[in-house]
Amino acid sequence: MASSMSLSFSSSIVPSPIPQDKCKKSPNPRSQIPIFRVTRFSISAPASKTASASDSSSSVVKKRHWKQGEFPGISETSLPGSTRRSPLKNLKKKLDKKNNAKAWVNTVTETLSERIDKKQWLQALEVFDMLREQSFYQPKEGTYMKLIVLLGKSGQPHRAHQLFTTMIEEGLDPTPELYTALMAAYCRSNLIDEAFSVLNEMKKLPLCQPDVFTYSTLIKVCVDAFKFELVELLYEEMAERGITPNTVTQNIVLNGYGKAGKFDQMEKVLSSMLESTACKPDVWTMNTIISVFGNMGQIDMMEKWYEKFRNFGIEPETRTFNILIGAYGKKRMYDKMSSVMEYMRRLQFPWTTSTYNNVIEAFADAGDAKHMECTFDQMRAEGMKADTKTFCCLVNGYANAGLFHKVISSVRLAGKFEIPENTTFYNAVLSACAKAEDLMEMERVFKRMKDNQCQPDDTTYSIMVEAYRKEGMNDKIYYLEQEKQTIMTDDVKVSQLEDEIFS
């Protein structure tokens, strides 16, 4: 048993407390600002008790003598050459209050935007709930769109649906784009039935009819699940509705056929694209094809198709080179990997986070901690921002090299950089704990994963079951499988409830 690993995760980012007195509704500013009415009559001094009638009748000419520039009816600031301002202290205080109120609005909205940018979905929802409680809150379609997309990418489709329902309750009309975002949330979690339910709901609403982007989203999840019969049905439905597949749609299908090893169908789709005038192959088509062969380790086919697309007149982009680098790295063809990177420099293509991630991943898979660290250091020296995949690779690399104390420092550094802790990240750390045979720490990481509302997946359970099996801990395996079954049952219940809502 290896020595215990103490992984110190960063605490969850909680919105900074905002003084409650700033949340109160500002009083009517008109009640605070003194109103200076322009009057055309001067105010005479009180008449003396002994004044005669003649004095009273001549009181008009006995006005007080006003200083120059102070004639009643004309303000000082309106006179030519005057630069003095009226001493409006109350007005200044009120303006300060208004500015503070605006600052509060900017602070909470900026905080929400920051949480979304950092993919911190739980904290984003907390800030959004705070925002909705304020008197100045007005529901906006754009805010809901960003949150639904974030929840979908974070594996929280049911929360995305709850948010969609809240949006409708607040009086916002759904749009095809919002429905498509909700559908994408289900698709990212491979909830195909729920995604089709969204499609059926859209078809019932005249102003929310599905478009080519909606169908492309649904086709992708079917392709990823190798359900090509559903893809054909969706193509037929698109034709009936007069919706023409675009290049994006065809690229999705190409990728699916390639991953499934259906190369004949893949070439058939590609040939139809070359003959088409509406959806010609583009650089994404090129990237899709070479990525298929690169991921399968078929380097010769990858290079062959790369040359074919160049002959078609399609120029590579940064992502194209990153795909080549990743493929060469996985096969440990470091010379070719370096040649592509040098070629990028010569053509002034910038090295991106993905470029560095591919190189770091190549060394991590080989357990080459030295070169992995050098690449990471160069990445930081060039000011390139690391992401979740960067730290997953670092954790895997150190675990493969048996440097478990550096796994700890990588996790702490990820917390310092506020790297989003998604399922993939936790799986990498769980795997490192399993390799270190530190099951106690593995269980602590698993608990934190659930505490942070990060949904475990099949990989999560596979890692833990295998670790328990090596130690002969069958009781632990039993409870883990029971927990997994409970989570799946709960998901089914939620899905059934949403089906009832949509039906």
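The analysis underlying the following values was restricted to heavy atoms, covering all of them including side chains, and did not include hydrogens, waters or symmetry mates.
- Legend: residues meeting side chain to side chain contact (heavy atoms under 4.5 Å, CB included) with His371, ordered by chain and number and at least two apart, are Phe363, Asp368.
- Counting only heavy atoms from C-beta outward, the side chains of Asn251 and Asp282 approach each other to under 4.5 Å.
- Considering only heavy atoms from C-beta on, Glu169 comes within 4.5 Å of Thr165 through its side chain.
- Pairs of residues two or more places apart, or lying in two chains, never qualify as salt bridge (charged side-chain N to carboxylate O under 4.0 Å, His left out) while including a residue from residues 138-152.
- Here the closest heavy-atom approach between residue Ala401 and residue Gly367 is recorded as CB-O, 3.5 Å.
- There is no side-chain donor-acceptor pair under 3.5 Å between Asn427 and Thr424.
- In this structure, Ile360 and Cys393 approach most closely via the heavy-atom pair CG2-CB, 3.7 Å.
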Lys331 and Glu303: CA distance, side-chain angles, deciding distance, salt bridge (Lys or Arg N to Asp or Glu O under 4.0 Å) verdict: CA-CA 14 Å; Lys331 299 294 287 186; Glu303 293 175 341; over 6 Å; no
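- When all heavy atoms of Thr423 and Cys454 are compared, the pair lying nearest together is N-SG, 3.2 Å.
- Ionic pairing of Glu373 and Lys406 is present here: one or more N-O contacts between side-chain nitrogen and carboxylate oxygen are shorter than 4.0 angstrom.
- The number of heavy atoms from other shown groups lying within 6.0 Å of CZ (Phe226) is above 12.
- Counting only N and O atoms by type, the side chains of Asn200 and Ser197 include no donor and acceptor under 3.5 Å apart.
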CA sep, side-chain torsions, deciding dist, call: Leu394, Leu413, side-chain contact (heavy atoms from CB on, under 4.5 Å): CA-CA 11 Å; Leu394 290 174; Leu413 188 61; 5.8 Å; no
Steps toward side-chain contact (heavy atoms from CB on, under 4.5 Å) verdict (Tyr461, Glu483): CA-CA 10 Å; Tyr461 290 107; Glu483 178 182 321; 3.8 Å; yes
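- The residues Asp224 and Lys220 are annotated as salt-bridged, a charged nitrogen and a carboxylate oxygen being separated by less than 4.0 angstrom.
- More than 12 heavy atoms of other residues, nucleotides or ligands sit less than 6.0 Å from atom NZ of Lys308.
- Taking the charged nitrogens against the carboxylate oxygens, Glu437 and Lys470 have no contact shorter than 4.0 Å, which rules out a salt bridge.
- Between Arg444 and Glu441 there is a salt bridge, since a side-chain N of the basic residue sits under 4.0 Å from a carboxylate O of the acidic one.
- Using a 4.0 Å cut-off between charged side-chain N and carboxylate O, Glu466 and Arg469 make a salt bridge.
- We find that Lys203 and Glu240 are not joined by a salt bridge, their nearest charged nitrogen and carboxylate oxygen being 4.0 Å or further apart.
- In this structure, the ring of Tyr343 has its center no less than 6.0 angstrom from the ring center of Phe349.
- The one candidate from Phe128, Tyr179, Phe164 that meets the ring pair (Phe, Tyr, Trp, His ring centres under 6.0 Å) condition with Tyr144 is Phe128.
- Ionic pairing of Arg132 and Glu170 is present here: one or more N-O contacts between side-chain nitrogen and carboxylate oxygen are shorter than 4.0 angstrom.
- For Thr390 against Met379, the heavy-atom pair with the smallest separation is OG1-CE, 3.9 Å.
- Here the closest heavy-atom approach between residue Phe321 and residue Pro316 is recorded as CZ-CG, 3.7 Å.
- Looking at Ser338 and Asp335, their side chains never bring a donor and an acceptor atom within 3.5 Å of each other.
- Checking Thr352 against Thr355 by side-chain atom types alone, a donor-acceptor pair falls below 3.5 Å.
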